[in-house]
Amino acid sequence: MADKLIIKKRGADGYKTFSIRIKEETVERIDEIASKTERSRNELIGTLLEYALENSEIQ
């Protein structure tokens with residue numbers, strides 16, 4: 001008997017997809033860092049957001 005093809009619901013992997021609107025200069029800076037570190041834009045943005053969330057303080 002062949003293995004079954006498992007199809008998960010979209011978003012079931014713990015990730016959520018959404019769009020944001022940011023300045024072109026910010027995109028250029030992100031792309032420059034992504035290129036230098038050989039990371040995808042998506043991976044870099046996720047890393048930057050996680051860092052910001054962990055190191056933010058609400059006053």
Side-chain angles (χ1 to χ4, degrees):
M1 179 179 255
D3 291 333
K4 292 185 178 183
L5 171 63
I6 308 296
I7 302 172
K8 295 181 180 181
K9 290 183 178 180
R10 195 175 295 269
D13 62 355
Y15 289 86
K16 188 76 109 175
T17 301
F18 61 96
S19 64
I20 60 169
R21 185 172 179 230
I22 58 176
K23 294 180 182 180
E24 287 184 30
E25 296 84 11
T26 303
V27 175
E28 290 170 3
R29 291 175 64 191
I30 290 169
D31 286 346
E32 183 179 337
I33 295 169
S35 177
K36 287 180 180 178
T37 60
E38 298 182 359
R39 306 279 181 179
S40 69
R41 180 190 290 169
N42 184 67
E43 183 180 6
L44 181 59
I45 290 170
T47 299
L48 293 169
L49 285 173
E50 285 180 26
Y51 179 84
L53 290 170
E54 292 297 322
N55 294 282
S56 294
E57 181 178 309
I58 299 173
Q59 296 184 355

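Numbering of residues begins at 1 and proceeds along the displayed sequence.
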Requested in this report: Only counting residues at least two apart or in another chain, list the ones meeting side-chain contact (heavy atoms from CB on, under 4.5 Å) with Lys36.
Outcome: Glu32
Query raised in the report: At what distance, to the nearest 0.5 angstrom, does CZ of Arg29 lie from CD of Glu25?
Result: 10.0 Å
Query raised in the report: For Leu5, which fellow cluster members are found when Ile, Leu, Val, Met, Phe, Trp and Tyr are connected by side-chain heavy-atom distances below 4.5 angstrom, either directly or through intermediates?
Result: Ile7
**Report entry** Partners meeting salt bridge (charged side-chain N to carboxylate O under 4.0 Å, His left out) with Arg39 (sequence neighbours left out)
**Finding:** Glu43
Query raised in the report: In the hydrophobic clustering that connects Ile, Leu, Val, Met, Phe, Trp and Tyr at side-chain heavy-atom distances below 4.5 Å, which members other than Ile45 occupy its cluster, ordered by chain and number?
Result: Phe18, Ile20, Ile22, Val27, Ile30, Ile33, Leu44, Leu48, Leu49
For residues 51-59, dump all side-chain donor-acceptor pairs below 3.5 Å to protein atoms at least two apart in sequence or in another chain.
unit_1 : atom_1 : unit_2 : atom_2 : d
Asn55  : ND2    : Tyr51  : O      : 2.8
Ser56  : OG     : Ala52  : O      : 2.3
Glu57  : OE2    : Gln59  : NE2    : 3.0

Query raised in the report: How would you list, by chain and number, every residue that makes a side chain to side chain donor-acceptor pair (under 3.5 Å) with Arg41, sequence neighbours excluded?
Result: Asp31
